[in-house]
Asker: 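Got a structure for you, written out below as structure tokens; questions coming shortly.
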Amino acid sequence: MGHIPSPQTQASSPEASESRDFIREWIREDIRTGRFGGRVHTRFPPEPNGYLHIGHAKSIVLNFGLAQEFGGQCNLRFDDTNPLKESQEYVDAIIRDVRWLGYDWGERLFFASDYFEQLYQWAEELIRRGLAYVDDLSPDEIREYRGTLTEPGRESPYRNRSVEENLDLFRRMRAGEFPEGSRTLRAKIDMASPNLNLRDPVMYRIIHAPHHRTGDTWCIYPTYDWAHGQCDSLEGITHSICTLEFENHRPLYDWFLDALGVYHPQQIEFARLNLTYTVLSKRKLIRLVEEGHVDGWDDPRMPTLSGLRRRGVPPAAIRAFCEHIGVSRTPSVVDIALLEHFIRQDLNRWTPRRMVVLDPLRVVIENYPEDRTEWLEAVNNPEDETAGTRQVPFSRVLYIERDDFMEDPPRKFFRLAPGREVRLRYGYFIRCVDVVKDAQGQVVELRCTYDPATRGGYAPDGRKVRGTIHWVSAPHAVDVEVRLYDRLFAVENPEDVPEGQDFTANINPHSLTVLEHAKAEPSLSDAQPGDTFQFERKGYFCVDTRYTTPERVVFNRTIGLRDTWAKIARRQG
Ligand code: ATP
Ligand code: MG
């Protein structure tokens, strides 16, 4: 969309292929021993019940990264087993986001729903072998019968139905003869197992709802537990990587695969990403959207990939962050300042610099001719010589940042004040000679003089100024809107709330500031949605893709300039 491209660096860095985390060690060992014939085949398996967030990025970068590093393949597979919560909108958004992150699954886009018939046939097979039964207990009763960690469960009175009766009932479940919730198909494993997942888990439930892909073909739907391992098996996945909460589901997945006697992938669990000041559960993100705390899934304050994209975060920064944090089996919370550090590092390299005054104060240069415009040379990116320079207009009336002036400055304030001199970036030294106020005593204009000998920013007589400020020529300025964002949550751990409240109590009421009267240098008049810049001294900004119109450019601040992570890292030595 934007015409200034973010450099698409290789999706995996050389360091990553050297990294020695436990998953890579495991895979190397499997390759060494010839397990899976030396193949590496991973998958990213999202459920299309919400938009992807930065936590999913960790899993995407890991799974696609492993495939790249080991010369294997990675599938994109939707775990679309619950039509009540899933939709095509989510499928489309997830596809867009994984592509945007820089990954390609070739022809290997799959859906659990592609396998519904196979899963059904396998379920009949388990019934025939006495390993599954139709249960008439209600969902509440099933929960009640299940027992607890310290107490064994109780067997359902329907557990010992004959194979014939089970087959007949299961087929009638499929045919739609029974109301929703009235029956389930359960695996017949062990109601006394210390692992609750093995206490006759539900394999199918009746849901009379159309599915976004299979329409009304089905009114029974497989549970995630019944579908997931078999989908991995059908796709020939070698390393089925998931987060730690599935560790004690692994014995169940093993049981299903062994009972069916089919190809058996290796499941490996890792700790999910948690970030300070952030919630990363789709259930909670949905609430933020539905309760109107934010302006949709792609609100620039959201930790979703679409929100980060709209905010101006480059995909390469997210990949670099995910590779840097790596994977482990120990749950932890990552400081969001680290993510911000990677965002700045990436943007600093390639974003063009521009001058924009966010909160303008008018400055009249009294000794500058009224009808004159000079074009001054400004550097596009000091980090990149090939970026060249551009011309910015200078004239008698300028805007500077309101907070770059103080009428009564403290000693350490080196910018403009009555009688003081500062350097205008790429321009001249100016001195404030008078202050104009309105009836309320508010400063509305500064009267200044400039020194024509200081063009380029240096005085031939060797006199120094302590401050350099940015500015925009008033008659040439473009009016733009600028949106500044602060963290969506006011506290490090949004879940930390008093009794009776929930995470929404920690929402930061000042997370959005809209500046409607910012003044930009004229080169920004043709900025396109998605374009990203550094505004000198103000941070990194991206042209908003929703609110920008042909008449008016709206900028989102991606991030400020000050790298709090670098500071923390220095302090910690
Ligand atoms: P959520 O808890 O946000 O609802 P989920 O695990 O239910 O997430 P899925 O769509 O099932 O969401 O996730 C797809 C894949 O992404 C899974 O393999 C899951 O383990 C992984 N994943 C989800 N959240 C994180 C996270 N915070 N860190 C790392 N991986 C994650
Ligand atoms: Mg899930």
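In listed order, ligands and their atoms are each counted from 1. Any value given below was found using the heavy atoms of this structure, including those in side chains, with hydrogens, waters and symmetry copies removed.
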Asker: Any nitrogen or oxygen of A271, side chain or backbone, less than 3.5 Å from one on ligand 1?
Answerer: no
Asker: Taking the six-membered ring where the residue is Trp, are the ring centres of Y204 and F170 under 6.0 Å apart?
Answerer: yes
Asker: Has H53 got a side-chain atom pairing as donor or acceptor with G55's backbone, closer than 3.5 angstrom?
Answerer: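 Side chain of H53 to backbone of G55: a pair is present.
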Asker: Would you call R310 and D544 a salt bridge, taking side-chain N to carboxylate O under 4.0 Å as the test?
Answerer: yes
Asker: So, regarding E245 and ligand 1 (criterion: nitrogen or oxygen to nitrogen or oxygen, under 3.5 Å), is there a contact or not?
Answerer: no
Asker: Any atoms of ligand 1 less than 4.0 Å from a non-hydrogen atom of F44? List them with their elements.
Answerer: 14 (C), 15 (C), 16 (O)
Asker: Tell me whether K58 has any N or O atom under 3.5 angstrom from an N or O of ligand 1.
Answerer: no
Asker: Between G55 and ligand 1, does any nitrogen or oxygen pair lie at a separation below 3.5 Å?
Answerer: yes
Asker: If hydrogens are left out, which of E47, E269, H56, R272 has an atom nearest to atom 6 (O) of ligand 1, that is, the closest non-hydrogen atom?
Answerer: R272
Asker: Please work out whether the ring planes of W297 and Y51 are parallel, tilted or perpendicular, with thresholds of 30° and 60°.
Answerer: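 Ring orientation of W297 relative to Y51: parallel.
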Asker: Could you walk me through whether E89 and S87 pass the side-chain hydrogen bond (donor to acceptor under 3.5 Å, both in side chains) check?
Answerer: CA-CA 5 Å; E89 178 201 345; S87 74; 4.6 Å; no
Asker: Report, in ascending order of atom number, the atoms of ligand 1 lying under 4.0 Å from any heavy atom of S281.
Answerer: 3 (O)
Asker: With heavy atoms of P45 as the reference, note each atom of ligand 1 found under 4.0 Å away.
Answerer: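 Near P45, the atoms of ligand 1 are 14 (C), 18 (O).
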Asker: Anything under 30° is parallel, anything over 60° is perpendicular, the rest tilted; go ahead and classify Y115 against F110.
Answerer: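 Y115 and F110: tilted rings.
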Asker: Would you check whether F246 reaches within less than 4.0 Å of ligand 1, judged by its heavy atoms?
Answerer: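 It does not; every heavy atom stays at 4.0 Å or beyond.
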Asker: Rounded to the nearest 0.5 Å, how far apart are CZ of R146 and CG of L196?
Answerer: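 Rounded to the nearest 0.5 Å, the CZ-CG separation comes to 4.5 Å.
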Asker: Taking heavy atoms and a distance under 4.0 Å, where does H53 meet ligand 1: side chain, backbone, both or neither?
Answerer: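 Within the 4.0 Å criterion, H53 contacts ligand 1 through side-chain atoms alone.
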Asker: Considering only heavy atoms of T243, which atoms of ligand 1 have at least one such atom less than 4.0 Å away?
Answerer: 20 (O), 29 (C), 30 (N), 31 (C)
Asker: Please assess D97 against H56 for the test side-chain hydrogen bond (donor to acceptor under 3.5 Å, both in side chains), listing each intermediate value before the final yes or no.
Answerer: CA-CA 10 Å; D97 290 347; H56 293 112; over 6 Å; no
